[in-house]
Chemist: 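Let me give you the structure first, and then I'll get to my questions.
The figures here come from the full heavy-atom set of this structure, side chains too, leaving out hydrogens, waters and symmetry mates. Note that this is a predicted model, so its numbers are computed, not measured. In this chain, residues are counted from 1 in sequence order.
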Amino acid sequence: MTEHNDTVVDDTPASAQTPKVTETTEPGDASETEATEAQALSGDAQAGDPLDAADAADAADAADAPQDDHADSDEQGADPSASPRRRSTKVADLEREGEVAADFLETLLDIADLDGDIDVDVDGDRAAVSIVDSDEGRVPRRLVGQDGKVLEALQELTRLAVQSATGERSRLMLDVAGHRAERRSHLVELAHTVIEQVKASGEQAALEPMTAFERKVVHDEVLAAGLTSESDGVEPRRFVVILPA
């Protein structure tokens, strides 16, 4: 069913020299802090970006990071300063995540006797897994649920399965029947419309409540348009406010 489509010469006398302690940090070794779905995407936050703690965390992944997500949201690519070998290792790790997730989801679909094939890919710095319609039938849309709530829960469950198998926290992005792709497209159009309204009126505008992944999509579009945005409210009614220049 599954288609896993660095010598410095010191002239100072030895007795006068003071021992030195040198710390060496290699690019890409900074650890991330990830606690919740809204914090799953911290690496994508850019300097000066007014994202709050929750959305800044979502921008690793979220953008997810989608981005979940944050997110989950929801999505910046691999660190260009990293060596080719390091990048290659990272991609291999993400591919491994995808395969583990695909096996888990395939088993889940079999147990529930549900149709669907599994597509696996690497999107920037995260694994991307999708459950798509198969030759046997369509993926039940109930796996998405109202406002994508079932999808979010299934994504978190899949991340936990991957973490259990690899020992590493996963930030993979799961999609079902193209729901996230369609939602992203809608949000991009919405963001562009509101951005133009804010530019014309010079007044800020608030959008509807969104998930961390969805807010990340909007923040990215606002930043690309030369404006700023911030998040307000409390989950699950957290929303994006677009500010005039």
Side-chain angles (χ1 to χ4, degrees), residues 33-46 48-76 123 126 128 141-159 171-245:
T33 300
E34 304 176 59
T36 63
E37 170 64 15
Q39 293 175 324
L41 307 171
S42 58
D44 285 29
Q46 302 187 22
D49 191 348
L51 302 186
D52 54 30
D55 291 320
D58 199 35
D61 335 278
D64 167 72
Q67 3 130 52
D68 165 102
D69 95 78
H70 176 293
D72 286 38
S73 176
D74 36 320
E75 317 255 54
Q76 188 159 313
D123 184 4
R126 72 174 64 199
R141 269 47 183 177
R142 62 178 180 271
L143 290 180
V144 174
Q146 183 178 6
D147 299 326
K149 292 179 179 179
V150 176
L151 172 55
E152 294 295 334
L154 185 57
Q155 174 177 272
E156 188 60 24
L157 189 61
T158 305
R159 287 178 171 181
R171 295 166 52 246
L172 70 82
M173 183 66 71
L174 175 66
D175 196 3
V176 172
H179 173 78
R180 288 196 191 278
E182 293 176 3
R183 181 61 175 159
R184 180 192 290 274
S185 178
H186 168 73
L187 289 171
V188 168
E189 292 182 9
L190 174 63
H192 288 174
T193 298
V194 180
I195 286 170
E196 292 305 315
Q197 293 175 355
V198 171
K199 286 182 176 180
S201 68
E203 299 180 355
Q204 68 181 40
L207 280 67
E208 63 190 45
M210 300 176 181
T211 65
F213 162 76
E214 294 170 337
R215 296 195 302 269
K216 175 61 170 59
V217 173
V218 175
H219 285 310
D220 285 348
E221 294 302 317
V222 173
L223 186 62
L227 299 182
T228 58
S229 58
E230 59 188 18
S231 290
D232 200 356
V234 178
E235 296 288 2
R237 305 290 297 174
R238 199 160 177 76
F239 57 92
V240 175
V241 178
I242 301 179
L243 307 173

Chemist: Look at the side chain of R237 and the backbone N and O of P209, then say whether any donor-acceptor pair between them is shorter than 3.5 Å.
Modeler: no
Chemist: So which heavy atom on L227 is nearest to which on K199, and how close?
Modeler: CD1-CG, 4.0 Å
Chemist: Donor-acceptor pairs under 3.5 Å, side chain of residues 186-198 to any protein atom, not counting sequence neighbours: which ones?
Modeler:
{"from": "H192", "atom 1": "NE2", "to": "E221", "atom 2": "OE1", "distance (Å)": "2.8"}
{"from": "T193", "atom 1": "OG1", "to": "E189", "atom 2": "O", "distance (Å)": "3.1"}

Chemist: Applying side chain to side chain contact (heavy atoms under 4.5 Å, CB included), can you list everything that pairs with Q204, at least two apart in sequence or on another chain?
Modeler: V241, L243, P244
Chemist: Does a side-chain heavy-atom distance below 4.5 Å link V144 with L154?
Modeler: no
Chemist: Quick one: CG on L151 to CZ on R142, what's the gap to the nearest 0.5 Å?
Modeler: 14.5 Å
Chemist: Atom CG of D232 and atom CZ of R215: how far apart are they, to the nearest 0.5 Å?
Modeler: 10.5 Å
Chemist: Tell me the closest heavy-atom pair linking V150 and G145, and the distance in Å.
Modeler: CG2-CA, 3.6 Å
Chemist: Would you say that M210 contacts V218 through its side chain, given a criterion of any heavy-atom pair below 4.5 Å between the two side chains?
Modeler: yes
Chemist: For a 4.5 angstrom cut-off between non-hydrogen side-chain atoms, does R159 reach Q155?
Modeler: yes
Chemist: R183 versus V217: any side-chain heavy-atom pair under 4.5 Å?
Modeler: no
Chemist: Who passes side chain to side chain contact (heavy atoms under 4.5 Å, CB included) against E203, sequence neighbours left out?
Modeler: S201
